[in-house]
Amino acid sequence: KAGVTQTPRYLIKTRGQQVTLSCSPISGHRSVSWYQQTPGQGLQFLFEYFSETQRNKGNFPGRFSGRQFSNSRSEMNVSTLELGDSALYLCASTQDRGNTEAFFGQGTRLTVV
Amino acid sequence: DQQVKQNSPSLSVQEGRISILNCDYTNSMFDYFLWYKKYPAEGPTFLISISSIKDKNEDGRFTVFLNKSAKHLSLHIVPSQPGDSAVYFCAASGVGGTSYGKLTFGQGTILTVHP
């Protein structure tokens, strides 16, 4: 069974631009969550999608958004990029909502210059 | 407000000995706990989990202990191997309120296992 796949692995963007990251969950997994990892803040929850609906959201500005498609694949978008958005963005999938193991992708390393 | 804390930034252990990584939490709504291992620039790898209805869960060399009254959990690795050297994160989730569908992570502990 293939794991969680995130694309692209690396991105360099300029301040003010926008970026879209993609996540394909493990086959059969219906919940997808996104996390941001930075050296200062650690791993922080961005949002969770289940059945194409955002079910939970972390404390991030509205510039961070996402969506989920009918095949459970998810994308997250960051608009008007700031230098502080440079981070490792991680996607995790779980079979269902609730307390089950979450499996992570390799992440997308975003650098904003 | 850090709801999950790993108070030891680093731990150094000799190969073959036991590694004990600790984690404390403050949110009473947390009822499911997980441990992850992570290398730089990679995603976390799931190791082991425990539900709040249990106090111990084992999987091979990894055992997680949960003390609900103390809001404390620990991961034991026996015997430790050099390949275990990585950053270890504990994470928690809950069934209620804003805890549902999300993991809250500790800051991580860097484990170094010396040959």
Side-chain angles (χ1 to χ4, degrees), chain A residues 3-7 9-10 21 23 25-26 29-51 53-60 68 74 86-111, chain B residues 1-9 23 25 27 29-54 57 59 62 64 66 68 73 86-110:
Chain A
V4 179
T5 304
Q6 290 187 246
T7 55
R9 286 294 309 276
Y10 303 94
L21 313 181
C23 172
I26 292 171
H29 283 199
R30 300 192 295 160
S31 174
V32 173
S33 300
W34 289 88
Y35 295 82
Q36 180 197 65
Q37 186 185 26
T38 57
Q41 298 297 318
L43 278 153
Q44 305 243 290
F45 171 76
L46 280 156
F47 27 64
E48 181 227 0
Y49 284 87
F50 179 80
S51 292
T53 302
Q54 187 180 94
R55 305 288 180 153
N56 202 348
K57 190 177 190 307
N59 295 324
F60 281 83
Q68 186 180 34
S74 177
S86 296
L88 181 67
Y89 289 88
L90 293 158
C91 163
S93 78
T94 58
Q95 191 158 23
D96 217 324
R97 294 202 79 210
N99 295 336
T100 62
E101 291 87 355
F103 295 92
F104 284 82
Q106 292 285 73
T108 295
R109 168 66 66 183
L110 172 64
T111 302
Chain B
D1 173 26
Q2 194 154 358
Q3 299 183 53
V4 178
K5 295 180 185 178
Q6 294 176 255
N7 292 318
S8 298
C23 180
Y25 63 97
N27 190 337
M29 298 295 285
F30 289 150
D31 63 355
Y32 193 71
F33 305 90
L34 309 91
W35 283 95
Y36 288 88
K37 173 182 177 181
K38 189 180 184 300
Y39 297 110
E42 292 186 10
T45 299
F46 170 75
L47 288 173
I48 192 168
S49 63
I50 187 166
S51 164
S52 60
I53 63 173
K54 295 185 173 182
N57 190 25
D59 185 0
F62 301 95
V64 56
L66 175 63
K68 277 188 67 178
L73 62 153
V87 181
Y88 287 77
F89 289 93
C90 71
S93 69
V95 292
T98 59
S99 301
Y100 201 53
K102 84 177 213 189
L103 294 175
T104 301
F105 284 87
Q107 291 295 94
T109 297
I110 301 170

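Chain identifiers are assigned alphabetically (A, B, ...) following the order of the sequence lines, protein sequences preceding nucleic acid strands; residue numbering begins at 1 within each chain. Only a predicted model underlies this, so the values are computations on that prediction, with no experimental measurement involved.
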message: As an exercise, state the distance from CZ of A:Arg9 to CD of B:Glu42, rounded to the nearest 0.5 Å.
response: 7.0 Å
statement: Turns out that what part of B:Phe89 lies under 4.5 Å from chain A's heavy atoms comes down to side chain
- prompt: Does any non-hydrogen side-chain atom of A:Tyr35 lie less than 4.5 Å from one of B:Leu103?
  reply: yes
field: Most contacts with chain B, counted as non-hydrogen pairs under 4.5 angstrom, among A:Val4, A:Leu88, A:Thr94
entry: A:Leu88
field: Nearest non-hydrogen partners of A:Glu101 and B:Leu34, listed with the distance
entry: CA-CD2, 4.0 Å
message: Can you confirm whether B:Lys68 is buried at NZ, in the sense that more than 12 heavy atoms of other residues, nucleotides or ligands lie under 6.0 Å from that atom?
response: no
Residue, of A:Gly105, A:Gly42, A:Ala102, that accumulates the most heavy atom pairs under 4.5 Å with chain B: A:Ala102
query: For A:Ser31, is it the side chain, the backbone, both, or neither that has a heavy atom closer than 4.5 Å to a heavy atom of chain B?
result: neither
- prompt: Where does A:Leu43 contact chain B at under 4.5 Å (heavy atoms): side chain, backbone, both or neither?
  reply: both
field: Least distance between heavy atoms, A:Gln41 atom then B:Gln107 atom
entry: O-OE1, 3.9 Å
